[in-house]
Amino acid sequence: MNRQIHGAVSSSSKPISSKTQRPLSDSNSANGASGSVTRVYTRKKRLKQEASEPLEINPGKGVNTHKQLRGLPDIEDFAYKKTIGSPSSRRSTETSITVTSVKTAGNPPENWVKVLEGIRQMRSSEDAPVDSMGCDKAGSFLPPTERRFAVLLGALLSSQTKDQVNNAAIHRLHQNSLLTPEAVDKADESTIRELIYPVGFYTRKATYMKKIARICLVKYNGDIPSSLDDLLSLPGIGPKMAHLILHIAWNDVQGICVDTHVHRICNRLGWVSRPGTKQKTTSPEETRVALQQWLPKEEWVAINPLLVGFGQTICTPLRPRCEACSVTKLCPAAFKETSSPSSKLKKSNRSKEP
DNA sequence: GTCCGGAACT
DNA sequence: AGTTCAGGAC
């Protein structure tokens, strides 16, 4: 039924089931960091200057990354934190911009429309956790700037976390007026950590939240970045979340939000492969680039919730329920991963699969 | 490749 | 008890 952006939504591949919360144990309410809120950021990895070509992404919207970050107090190091735009992501972005004229850079797999329709049908008859929502609904009641910040936080917190837990955490932050960069910047990290618990990796995420809040304040005037590269430069925000945030917060589709489900399913369907080969792609990023080569842009946003839900209910990572799938006739991997007990032995035997 | 912090499988 | 899963940092 409804398929919203899915959001960072339950990235949980686990079949539904509930049971998460657990009382906040005092060992988690560590206060060791409360005094270190303004700690000095350690110098991070150097930007891997592939400085040759000028990067032009999202013209008109983006802020020019490196230069503007240089010389800013405190957050300076973040400018160099990540490799901004690997060669592949660069290419993909360019592709996305020209997609209307090129339409499809690569050859679409046969029957992809039928497969997609089949999956849509299956999805409409089964409920998947992904339907319950994630960061796309975060802060929908807030004014735009605050809503965007809430979306960003929702995306950050949602990974490895059930929607319900994530939503509850966002709710607690809101109750404590901690959904603005100003407030988060002022709050103790330990306070934030306790409020967001038990989202996955809450300690790291509390740290990221503090850093992100400061960056938003200093560099983006209290808003969140609006370009892909600037989002990627935030700690804790990688390709998956960056594209998701762009979609939801800015309604800007620069790329496909590829998570582990999309990655796995596209490979099973034979929709993507390593460039120039027939081998499976080895990372979600590689999958994203390959998928963007041929999938019409109109499908870029919908593909994520669609495949995530499908991956949670039928095309599961382990023992996919091929018997319940309506597109097995079009799937090269159908019935080939019927995990049998001794998965160990099995795995080594089938190192390579069609 | 390991870590993070835990849930949910086998 | 051991393994798998998941996004990102390092």
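All values derive from a computational prediction rather than experimental measurement. Hydrogens, waters and symmetry mates play no part in the numbers below; they use all other heavy atoms, side chains included. Order of the sequence lines fixes the chain letters, A, B, ..., with proteins taken first and strands second; residue numbering starts at 1 for each chain.
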Checklist entry - Can you check whether A:I303 reaches A:L116 side chain to side chain, under 4.5 Å on heavy atoms? => result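 SC-SC contact between A:I303 and A:L116 confirmed.
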
Specify the separation, in whole Å, of atom [atom1] of [X] and atom [atom2] of [N].
X: A:F201; N: B:dT2; atom1: CZ; atom2: P; value: 15 Å
X: A:L157; N: C:dG8; atom1: CG; atom2: C1'; value: 14 Å
X: A:M209; N: C:dG7; atom1: CE; atom2: P; value: 20 Å
X: A:R264; N: C:dC5; atom1: CZ; atom2: C1'; value: 10 Å
X: A:Q312; N: C:dC5; atom1: CD; atom2: P; value: 15 Å
X: A:K205; N: C:dA9; atom1: NZ; atom2: P; value: 12 Å
X: A:L318; N: C:dG2; atom1: CG; atom2: C1'; value: 14 Å
X: A:L156; N: B:dC4; atom1: CG; atom2: C1'; value: 13 Å

Checklist outcome for this item: For A:T328, the side-chain hydrogen bond (donor to acceptor under 3.5 Å, both in side chains) test, sequence neighbours excluded, returns none

Of the nucleotides [options], which one has an atom closest to the side chain of [X]?
X: A:K162; options: B:dA8, C:dG8, B:dG6; result: B:dA8
X: A:S159; options: B:dG6, C:dG7, C:dC5; result: C:dG7
X: A:Y208; options: C:dA9, B:dC4, B:dA7; result: C:dA9
X: A:R204; options: B:dC3, B:dG6, B:dA7; result: B:dC3

Next on the checklist: Under the rule for salt bridge (Lys or Arg N to Asp or Glu O under 4.0 Å), what residues qualify as partners of A:E146, not counting sequence neighbours?
Outcome noted: none

Item to check | Heavy atoms of other groups near A:E182 CD, more than 12 under 6.0 Å | outcome: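 Correct, the count exceeds 12.
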
Next on the checklist: Applying a 4.0 Å non-hydrogen cut-off, can you work out what A:P239 is touching in the nucleic acid: base, sugar-phosphate, or nothing?
Outcome noted: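 Counting heavy atoms under 4.0 Å across all strands, the contact made by A:P239 is with sugar-phosphate only.
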
